[in-house]
Protein chains: 2
Amino acid sequence: MSDQSIKELVDHYIHVSFSVNKLAEGMVKGQIGLDLTNDQHYTLRYINKVGSCTSSELAAVFDVKKSAITAIITRLWEKGLILRTRDENDRRVVYLTLTEKGNELFQKTEERIQALVESIITKFDQDELVQFLKTYDKLKEILLERKSRVE
Amino acid sequence: MSDQSIKELVDHYIHVSFSVNKLAEGMVKGQIGLDLTNDQHYTLRYINKVGSCTSSELAAVFDVKKSAITAIITRLWEKGLILRTRDENDRRVVYLTLTEKGNELFQKTEERIQALVESIITKFDQDELVQFLKTYDKLKEILLERKSRVE
DNA sequence: GGTTAATAGTTAAATAGTTTAACAGTTAAA
DNA sequence: TTTAACTGTTAAACTATTTAACTATTAACC
């Protein structure tokens, strides 16, 4: 690969990932904007997926400080969407779970997002899509590996 | 494609794009965090690319309201990185350009980001990378088309 | 066992980014 | 020439973020 073509590929990647990000964020917001912010939705998504987690875990997954998570969680808690439960064995730890209301709201917004993403990705051949996700996964692994090496 | 496999692909896409986003944002921040925020860097990047643009144009590209752009531009202007020049023919319009200082700062951070992205994408075969970007471009076009249709 | 370390989470202050709504100045249209 | 549309800004309100200090709790070590 010549230096020239590498620079072009780098520029290309930076440009397209930026554009797709902005467009996707706007799209998600359009689906959930009335009840939740995007970050709040992603938080509910994660807790829904794992069932129960801690603030420290969320901070690691979202790559932000714990105090940022406290702020998001407090807002969701004020809306009655999240439960905070102290661990009786280690009283430093607080487990986060969805309330009934939180689960319902997540499922409702999730349906819309699933439908939206589905309407988009079904415009690709399955082969193309599978290959795309494979490379995307590989990229994720490389970034994860790099992060663990740097920090 | 069965419904089941579609749902799996949708979940897969949502998950991997979220993770890569968070990791990439953190990485970019690590490179530029001292002088600029990520959004400020992306703003300088865009102006550098097109040479000169307006707030309305930036608002469209970033998919936010014009007042959000005013805030970002004002911060960059206060740092002496951006010039605001009124159009003499249409005095509503303000052209945004980089100052010498803005250009220097962008080039400096850009070098680091280019090196970073290069170190990552050169871990892929050129063929795989080209195919990935091709699909990514297609995704961008689909999102753009959808956006123009919805709004 | 008692002191010291580390850990989990919160709080407070400061900053960035965002939206909505109202506005000024300017240009286009009727 | 009046009215409508457009460009950018301001102000208020809110969300998200970081840093630094703090509380409460648990683990480590001598």
Side-chain angles (χ1 to χ4, degrees), chain A residues 18 21-22 25-30 32-44 46-47 52-79 81-97 151, chain B residues 18 21-22 25-30 32-44 46-47 52-79 81-97 151:
Chain A
F18 172 81
N21 262 357
K22 291 291 182 186
E25 287 297 301
M27 235 174 47
V28 169
K29 194 171 172 185
I32 65 174
L34 303 169
D35 305 307
L36 295 170
T37 65
N38 285 11
D39 283 323
Q40 287 168 3
H41 169 77
Y42 289 131
T43 306
L44 294 188
Y46 186 81
I47 299 176
S52 163
C53 70
T54 65
S55 282
S56 299
E57 188 178 338
L58 278 173
V61 171
F62 283 65
D63 203 10
V64 296
K65 304 294 174 197
K66 284 186 296 180
S67 55
I69 299 297
T70 299
I72 292 182
I73 293 299
T74 298
R75 281 178 216 111
L76 291 169
W77 176 81
E78 282 166 353
K79 295 184 189 182
L81 304 176
I82 275 189
L83 227 57
R84 284 165 148 151
T85 317
R86 275 227 124 71
D87 183 331
E88 286 307 321
N89 294 335
D90 183 344
R91 296 189 51 73
R92 291 172 300 184
V93 177
V94 175
Y95 294 116
L96 306 170
T97 52
E151 284 169 2
Chain B
F18 173 82
N21 263 356
K22 290 292 181 188
E25 287 297 303
M27 233 175 47
V28 169
K29 195 171 171 185
I32 64 174
L34 302 168
D35 305 307
L36 296 170
T37 66
N38 285 12
D39 284 322
Q40 288 169 1
H41 170 76
Y42 289 131
T43 306
L44 295 188
Y46 185 81
I47 299 177
S52 163
C53 70
T54 65
S55 282
S56 299
E57 187 178 339
L58 278 172
V61 171
F62 283 65
D63 202 12
V64 296
K65 304 295 174 196
K66 285 184 296 181
S67 55
I69 299 297
T70 299
I72 293 182
I73 293 299
T74 298
R75 280 178 216 111
L76 290 170
W77 177 80
E78 283 167 351
K79 294 184 191 183
L81 305 175
I82 274 189
L83 227 56
R84 285 164 149 152
T85 318
R86 275 225 124 72
D87 183 333
E88 287 305 321
N89 294 334
D90 184 344
R91 295 188 53 73
R92 290 172 300 186
V93 177
V94 176
Y95 294 116
L96 306 170
T97 51
E151 284 171 3

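Within every chain, numbering begins at 1; the chains are lettered A, B, ... in the order of the sequence lines, protein sequences first and strands thereafter.
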Could you state the atom-to-atom distance from CZ of A:Arg75 to C1' of C:dT18 in whole Å?
13 Å
Where does C:dA14 land, syn or anti, once you apply the within-90°-of-0 test for syn?
anti
Nucleotide nearest B:Thr70 (side chain, heavy atoms from C-beta), chosen from D:dT10, D:dA16, D:dT25:
D:dT10
Which sits closer to the 5' end of DNA chain C, A:Lys22 or A:Ser56, going by the nucleotide each is nearest to?
A:Ser56
Atom CD1 of A:Ile73 and atom P of C:dA8 are separated, to the nearest Å, by 16 Å
Output the rounded distance in Å from CG (B:Leu34) to P (D:dT18).
14 Å
Got a second to check how far A:Thr43's OG1 is from A:Leu76's CG, nearest 0.5 Å?
6.0 Å
Closest listed nucleotide, where the reference is the side chain of A:Asp90 and the choices are C:dG9, C:dT26, D:dT25:
D:dT25
Give every donor-acceptor pair under 3.5 Å between a side-chain atom in residues 53-62 of chain B and any protein atom, sequence neighbours left out.
{"residue": "B:Thr54", "atom": "OG1", "partner": "B:Glu57", "partner atom": "N", "Å": "3.2"}
{"residue": "B:Glu57", "atom": "OE2", "partner": "B:Tyr46", "partner atom": "OH", "Å": "2.8"}

Looking at A:Leu34, A:Asn38, A:Thr37, which one forms a side chain to side chain contact (heavy atoms under 4.5 Å, CB included) with A:Lys29?
A:Asn38
Which part of the nucleic acid, if any, lies within contact of A:Asn38, taking any heavy atom under 4.0 Å across all strands shown: a base, the sugar-phosphate backbone alone, or nothing?
nothing
What heavy-atom pair brings A:Asp87 and A:Tyr95 nearest, and what distance separates the two atoms?
OD2-OH, 2.7 Å
Separation of atom CH2 in A:Trp77 from atom C1' in C:dG9, rounded to whole Å
14 Å
Check whether any side-chain heavy atom of B:Leu44 lies under 4.5 Å from a side-chain heavy atom of B:Gln40, and answer yes or no.
no
Rounding to a whole Å, what distance do you find between B:Lys66:NZ and C:dG17:C1'?
18 Å
What's the CG-C1' distance between B:Asp63 and C:dT18, to the nearest Å?
12 Å
Picking from D:dT25, C:dG17, C:dG9, which would you name as closest to the side chain of A:Ser55?
C:dG9
Quick check: do A:Ile73 and A:Arg84 have side-chain heavy atoms less than 4.5 Å from each other?
yes
Among the candidates D:dT15, D:dA24, D:dT17, find the nucleotide nearest to the side-chain atoms of A:Arg92.
D:dA24
Could you tell me how far apart A:Lys29 (NZ) and D:dC14 (C1') are, to the nearest whole angstrom?
12 Å
State whether the distance check finds a donor on one side and an acceptor on the other, under 3.5 Å, for side chain B:Ser67 versus base C:dT20.
yes
Is the shortest heavy-atom distance from the side chain of A:Leu81 to the side chain of A:Leu36 under 4.5 Å?
yes
If a pair means Watson-Crick or G-U wobble with both distances below 3.5 Å, what does DNA chain C look like in dot-bracket form, with | marking bases paired to a different strand?
||||.|||||||||||||||||||||||||
Drop me the distance from A:Asp39's CG to A:Glu25's CD, to the nearest 0.5 angstrom.
7.5 Å
Of A:Glu88 and A:Ala71, the one whose closest nucleotide on DNA chain D sits nearer the 5' end is A:Ala71
Could you give the CD1-to-P distance, from B:Ile69 to D:dT9, as a whole number of Å?
11 Å
Within the structure shown, what part of the strands sits under 4.0 Å from A:Ile72 by heavy-atom distance: base, sugar-phosphate, or nothing?
sugar-phosphate
Just checking A:Arg86: base, sugar-phosphate only, or nothing, at a heavy-atom cut-off of under 4.0 Å?
nothing
Distance-only donor-acceptor test (3.5 Å): side chain A:Arg91, base D:dT25
no
What nucleotide among D:dT17, C:dT18, C:dT20 has an atom nearest to a side-chain atom of A:Ala68?
D:dT17
